[in-house]
Asks: 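Can you keep this structure in mind? I'll have questions shortly.
Please read all numbers here as calculations on a predicted model, not as lab measurements.
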Amino acid sequence: MGGIGKTTLARVVYTQMSPHFEGKSFLADIREVSNKCGLVSLQKQLLYQILPNECFNFFNVHEGNAIISRRLSSKKVLVVLDDVDNVQHLKCLVGRRDWFSLGSRIIVTTRDEHLLQSYRIDDVYKPTTLNTNDALRLFNLKSFCGDTTTKDDFNQLSEYVVHYVDGLPLALEVLGSFLCGRDIIQWRSAIERLKQDSNKEILDTLRISFDGLEEREKNIFLDIACFFNGEEKDLVMKVLDGCEFFPDIGIDVLIKKSLIKVSDDNQYLQMHALLQEMGRKIVEEKCVNEPGKCCRLWKEKDVHHVLTKNTATEVIEGIIIDNKRDSSKMLNLRIDTFLKMKKLRLLKVLCVSNCDDIKYISNELRLLDWTGYPLRCLPSSFQPDNLVALLLPYSHIEQLWKGNRPLYKLKIINLKGSQNLLKIPDFTTAPNLEVLILEGCTKLVDVHPSIGVLKSLKLLNLRDCKSLRNLPTKIGMESLETLILSGCSSLVRFPEIDRKMEHLKTLDLSGCYRVENFSENLQQAKLRPNLSSLFKVIVGRRKNPMPRMLPSLLGLSSLRELKLRNCNLCEGDIPRDISSLSSLTDVDLSGNNFISIPASLTRLSKLWFLGLSNCNMCTLGEADIHGLSSLSYLYLTGNNFITIPLALTQLSRLNFLALSNCKMLKSLPELLTSIADVRIDDCSSLEVVASPSKVCNLLDFGLIKAINCFKLAENINALTLLKKHLKALANSRKKFDIMMPGSEIPEWFSQQKSDSSIKIPVPKDSQWIGVACCCIFVNNDASRDDEHIGCGAIIYCRNSEEASCNGSNFRGKNPRRIDGSGWLVDKRFNHPIMKDHLFLRYWSRNKVYPFSLEDKYGHCETNNLWATDCSDEKCYELEVSFSNPNDEDNAKVKKCGARIVYEKDLKEIKELQ
């Protein structure tokens with residue numbers, strides 16, 4: 001990606017490293033110089049910079065190669081090749097490794113990661129955009145003539161620019177330099193102009209990468225910029241493949257050139273906002289005065305102009321119809337709205353719309369995405385030969401079309417929430433259909449028998465099709481991974497499975513209580529051992545169904561997740577042989593009836609999640625639970641425990657224990673410090689929580705959440721509980737939270753304020769070990785589903801010396817966010833908090849000062865492209881806040897306090913009464 005700082009970083013490294021080499025060369029702008037002057041001129045420049053006292057006369061790259069390899073093979077050199085975009089640049093300038101002496105270093109900057117991979121570069125570093133704090137510092141440095149602190153009157157405007165450029169250093173420098181020395185009126189004017197037209201210098205720099213693409217890759221880039229930024233990768237890939245853009249290679253090219261990226265979970269395609277703007281400007285260049293002549297339409301005002309003035313042309317390939325300006329107003333479409341759009345590939349209608357009829361939609365459509373489609377069927381003239389994805393959620397459709405249609409390219413149908421749907425089509429001509437979502441189609445009674453033989457189908461979702469009575473008598477969907485029939489309360493028969501469904505991972509039969517033949521037909525399925533992700537069988541109100549059904553699980557040696565919630569199971573219903581499912585990692589048996597933990601579960605050595613909530617349990621039983629050696633999460637909420645046995649300490653890897661709403665629970669035993677997170681909300685009888693074990697486990701975080709535990713608060717105050725845990729854990733936990741009833745902030749918190757935030761000075765000595773803070777809070781609105789209490793901290797540092805950035809001097813106040821996390825405290829997680837509660841948080845010194853650590857090279861751990869020495873930063877103030885002024889869902893904070901914690905503060909600890 002252009003402007004991210006590759007050249008800046010390379011120059012810094014070159015300057016720092018060059019004294020350690022016999023010769024050095026920095027070849028800048030190789031792409032541009034090569035195009036203008038040729039590679040021979042670059043070869044001569046390389047030789048001249050390393051051997052300045054010699055003259056070289058050659059006229060082709062082959063002679064140059066020979067001279068470079070002969071004259072430099074005995075020299076230890078440092079060479080930087082900046083902005084390489086062709087492998088020939090590397091071949092002719094640095095050739096092979098033996099061209100240079102041992103210890104030489106070659107640094108290459110490029111926009112194309114694949115070029116580095118193809119030339120087998122040893123190490124690749126990918127610069128990232130700046131985080132918000134560093135971006136603001138760089139922008140202030142340029143806009144306020146060397147001062148990194150924002151002037152008060154310009155705060156909001158500076159933050160807008162930083163948000164707009166999304167951390168791109170080039171844009172920060174260009175815009176900062178442009179605004180430097182101008183008054184606030186001029187700033188506002190410039191920013192308003194920026195909202196309409198971005199800076200040309202920035203967009204021109206970004207466009208260089210686009211101009212080097214092949215035609216199909218350009219189309220992929222423009223489609224993503226105009227329609228698919230932030231969309232699901234799998235859907236976009238299918239649509240682009242249907243457009244014959246070959247996205248498997250095209251997307252990879254764009255990623256390697258940093259024009260797009262994929263989210264961390266590999267689910268979504270993402271494009272930087274400035275790259276998206278650049279792509280959209282390229283589209284607009286061809287139709288400045290008449291949007292109807294644009295190949296892609298996404299701007300609401302342009303689309304409104306085209307639809308109301310009827311200026312559409314055949315050029316239009318994609319259009320988004322939305323009505324954000326007046327979302328409450330119905331959008332009325334004419335019968336001939338799409339008549340002129342003969343080449344339309346992509347149609348997205350995202351607003352509430354109405355029309356009496358639609359005469360025509362293009363047969364070139366690959367994507368038809370129309371939420372709330374208002375008609376009873378698609379136009380009779382529509383031939384979906386090219387259609388890849390049909391997305392009509394919450395539509396008024398009764399039947400897609402009459403008769404058979406060619407559906408050979410169709411891969412996705414989503415009719416979720418289409419409550420008028422009466423009939424689905426014959427899928428005989430849709431052999432490539434992979435996803436069929438009919439969730440919430442409440443009038444659907446039958447499905448076409450052809451659904452049972454869709455060999456490519458991976459997902460079939462019929463959740464809450466409450467009128468559905470029959471499925472095909474036989475199904476043989478050999479690629480099926482997920483089958484969801486939960487809530488199909490009228491379904492009376494489960495299909496016979498006539499062949500192996502060896503890819504099935506998820507089977508959800510929740511609430512199918514009328515079905516009578518589960519067991520025999522599931523056993524006919526001959527499910528293979530690689531049913532590895534999830535087998536979820538919940539049958540609601542059926543009478544004692546599970547003992548007949550569970551034996552069908554026993555051959556599933558690769559089964560990982562087993563969820564049998566609310567199945568009216570008793571302890572004896574869990575077969576002993578379940579322990580043979582050696583790959584099980586996740587078992588949820590909540591909502592059943594057990595006296596104690598079923599003994600057959602305790603031999604599952606790989607189990608890491610066990611849910612036994614609301615099972616009427618009074619004890620964990622006498623089973624030897626040490627066999628659950630991998631268990632990390634244990635949910636026991638809503639049971640009838642009076643105490644928890646010490647056997648729990650056998651679970652050495654347990655780090656999450658949920659006991660909320662155990663109304664009879666009176667005491668907790670000494671718990672392992674490995675248990676970082678303890679939830680005991682609404683344990684109304686709880687009186688005692690023992691001190692943590694002396695066994696230490698190196699975890700960064702800890703929590704005791706005891707909302708509405710009023711008896712516990714009568715026996716031990718929150719501060720004592722905090723001190724007890726800090727004495728055991730202060731050296732291993734970077735953060736620890738406690739939430740429990742309390743109406744007064746302890747005097748121990750030396751700084752207090754009747755507000756939701758407080759500032760305290762950071763001591764200059766090195767004896768303090770952490771920071772503790774506290775607030776009093778209650779629910780603002782107990783009926784809300786999303787209320788939360790947070791605790792954030794910002795530490796302010798100041799450069800003690802002037803530091804240099806590209807020749808400029810600066811000094812200033814640098815805010816750094818330490819934390820901003822919090823907890824939901826709404827009715828989904830606990831009873832309303834109507835009485836005062838305390839929220840205590842402790843940060844270790846290492847949490848407050850993470851940026852003072854040095855990496856293996858002895859440099860600050862910072863994302864700055866311009867770096868100051870860590871020792872130059874002196875931190876002098878910490879601001880703690882328990883609410884976000886921009887968030888309406890905060891709990892009500894009445895008062896807060898904070899204190900710098902020293903070792904001596906933990907010595908005086910009162911014993912529990």
Side-chain angles (χ1 to χ4, degrees), residues 131-133 136 150 152 155-156 158-160 162-163 677 679 681 701-708 713 718-719 722 734-746 748-762 770-796 813 815-843 847-848 877-901:
N131 62 48
T132 302
N133 285 338
L136 187 59
T150 308
D152 290 340
N155 272 330
Q156 191 173 356
S158 295
E159 289 174 2
Y160 174 84
V162 168
H163 174 75
D677 193 334
R679 308 291 177 95
D681 299 335
F701 169 72
L703 167 69
I704 294 178
K705 191 162 174 275
I707 289 174
N708 294 326
L719 179 60
L722 177 67
K734 291 185 178 180
K735 184 168 73 172
F736 192 83
D737 288 358
I738 292 177
M739 301 177 73
M740 63 184 296
S743 57
E744 293 291 335
I745 292 181
W748 184 77
F749 290 94
S750 53
Q751 307 275 344
Q752 298 191 19
K753 189 177 180 182
S754 296
D755 199 352
S756 61
S757 64
I758 189 169
K759 292 182 179 180
I760 60 172
V762 176
V771 177
C773 55
C774 176
C775 80
I776 303 171
F777 76 96
V778 293
N779 276 137
N780 245 330
D781 183 350
S783 65
R784 282 202 304 218
D785 286 336
D786 52 4
E787 198 160 289
H788 69 275
I789 179 75
C791 182
I794 296 175
I795 192 166
Y796 293 95
K813 183 173 76 169
R816 295 177 182 269
R817 178 168 289 278
I818 303 302
D819 193 9
S821 59
W823 301 102
L824 290 167
V825 288
D826 53 57
K827 64 182 182 180
R828 292 174 295 172
F829 296 91
N830 45 256
H831 290 297
I833 304 173
M834 305 309 296
K835 295 184 178 180
D836 289 349
H837 275 63
L838 292 175
F839 176 15
L840 285 75
R841 173 165 287 179
Y842 170 82
W843 291 293
K847 177 67 176 176
V848 176
E877 187 176 60
L878 183 73
E879 181 179 9
V880 178
S881 178
F882 288 92
S883 65
N884 183 347
N886 298 319
D887 195 335
E888 298 178 354
D889 299 323
N890 294 305
K892 182 180 180 180
V893 176
K894 297 182 176 181
K895 191 176 182 180
C896 66
R899 178 189 179 98
I900 302 295
V901 181

Asks: Under the rule for side chain to side chain donor-acceptor pair (under 3.5 Å), what residues qualify as partners of S757, not counting sequence neighbours?
Replies: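 So S757 forms no side chain to side chain donor-acceptor pair (under 3.5 Å) with any residue.
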Asks: Holding to salt bridge (Lys or Arg N to Asp or Glu O under 4.0 Å), I want the full list of residues that pass it with K892, two or more places apart in sequence or in another chain.
Replies: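 Testing K892 for salt bridge (Lys or Arg N to Asp or Glu O under 4.0 Å), a comparison that skips the adjacent residues, returns none.
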Asks: Shortest non-hydrogen contact from E879 to Y796?
Replies: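 For E879 versus Y796, the nearest heavy atoms are OE1-OH, 2.9 Å.
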Asks: Output, in order, the C-alpha distance, side-chain angles, deciding distance and verdict of side chain to side chain contact (heavy atoms under 4.5 Å, CB included) for V880 and C896.
Replies: CA-CA 9 Å; V880 178; C896 66; over 6 Å; no
Asks: Rounded to the nearest 0.5 Å, what's the gap from CE on M740 to CG on N708? Could you check?
Replies: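 Atom-to-atom, M740:CE and N708:CG are 11.5 Å apart.
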Asks: Heavy-atom distance under 4.5 Å between the side chains of N779 and V825, does that happen here?
Replies: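 Yes - at least one pair of side-chain heavy atoms lies under 4.5 Å apart.
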Asks: Just wondering, do I900 and I760 contact through their side chains at under 4.5 Å, heavy atoms?
Replies: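 In contact.
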Asks: Is the backbone N or O of G742 less than 3.5 Å from a side-chain atom of D836, with the two atoms forming a donor-acceptor pair by type?
Replies: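 Not a single qualifying donor-acceptor pair exists.
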Asks: Report the distance from atom NZ of K895 to atom CD1 of I745, rounding to the nearest 0.5 Å.
Replies: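 Separation between the atoms: 5.5 Å.
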Asks: Side chains of V893 and D755: closer than 4.5 Å at any heavy-atom pair?
Replies: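 A side-chain contact under 4.5 Å is absent here.
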Asks: Go through V771 and L878 one step at a time and tell me if the side chain to side chain contact (heavy atoms under 4.5 Å, CB included) criterion holds.
Replies: CA-CA 9 Å; V771 177; L878 183 73; 3.7 Å; yes
Asks: Got a second to check how far K753's NZ is from K759's NZ, nearest 0.5 Å?
Replies: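 These two atoms lie 8.0 Å from each other.
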Asks: Kindly give the heavy-atom pair with the smallest separation between V778 and K894, and that separation in Å.
Replies: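 Residues V778 and K894, closest heavy atoms: CG2-CE, 4.2 Å.
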Asks: What's the separation between atom CD in Q752 and atom OG in S754, rounded to the nearest 0.5 Å?
Replies: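 One gets 8.5 Å once the value is rounded to the nearest 0.5 Å.
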Asks: Apply side chain to side chain contact (heavy atoms under 4.5 Å, CB included) to I776 and F839, showing your working.
Replies: CA-CA 7 Å; I776 303 171; F839 176 15; over 6 Å; no
Asks: Working to the nearest 0.5 Å, report the span between CD1 of I738 and CD1 of I704.
Replies: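 One gets 5.0 Å once the value is rounded to the nearest 0.5 Å.
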Asks: How long is the straight-line distance from CZ of R841 back to CG of L703, given to the nearest 0.5 Å?
Replies: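 Interatomic distance, L703 CG to R841 CZ, rounded to 0.5 Å: 9.0 Å.
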Asks: Classify the angle between the aromatic ring planes of F777 and H837 as parallel (below 30°), tilted (30 to 60°) or perpendicular (above 60°).
Replies: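 Rings of F777 and H837: tilted, 30 to 60°.
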Asks: I want to check something: taking the side chain as every heavy atom from C-beta on, are V762 and I795 in contact at a cut-off of under 4.5 Å?
Replies: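 Yes, at least one pair of side-chain atoms sits under 4.5 Å.
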Asks: Does the side chain of V162 reach to within under 4.5 Å of the side chain of Y160, using non-hydrogen atoms?
Replies: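 Counting from C-beta outward, V162 and Y160 never come under 4.5 Å.
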Asks: Counting N and O atoms only, with roles assigned by atom type, does the side chain of R899 sit under 3.5 Å from a partner on the main chain of Q751, one being a donor and the other an acceptor?
Replies: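 No, because the side chain of R899 does not come within donor-acceptor range (under 3.5 Å) of the backbone of Q751.
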Asks: For the residue pair L838 and M739, establish whether any side-chain heavy-atom pair is separated by less than 4.5 Å.
Replies: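 Side chain of L838 against side chain of M739, heavy atoms only: no contact under 4.5 Å found.
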Asks: Go through it in stages, so that I can follow the logic: the residues are W843 and C773, the test is side chain to side chain contact (heavy atoms under 4.5 Å, CB included), and I'd like the CA-CA distance, side-chain angles, deciding distance and then a yes or no.
Replies: CA-CA 9 Å; W843 291 293; C773 55; 3.7 Å; yes
Asks: Not counting sequence neighbours, which residues clear salt bridge (Lys or Arg N to Asp or Glu O under 4.0 Å) with K735? List them please.
Replies: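 In terms of salt bridge (Lys or Arg N to Asp or Glu O under 4.0 Å), with neighbours along the sequence ignored, K735 is linked to D819.
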Asks: Quick one: does F882's side chain get under 4.5 Å of I758's, heavy atoms only?
Replies: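 When only atoms from C-beta onward are counted, I758 and F882 do not touch, as no gap falls below 4.5 Å.
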Asks: Do W748 and C774 touch side chain to side chain, with heavy atoms closer than 4.5 Å?
Replies: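 Counting from C-beta outward, W748 and C774 never come under 4.5 Å.
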Asks: If only atom types and distance count, is the side chain of D681 paired as donor or acceptor with the main-chain N or O of I707 below 3.5 Å?
Replies: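 Side chain of D681 to backbone of I707: a pair is present.
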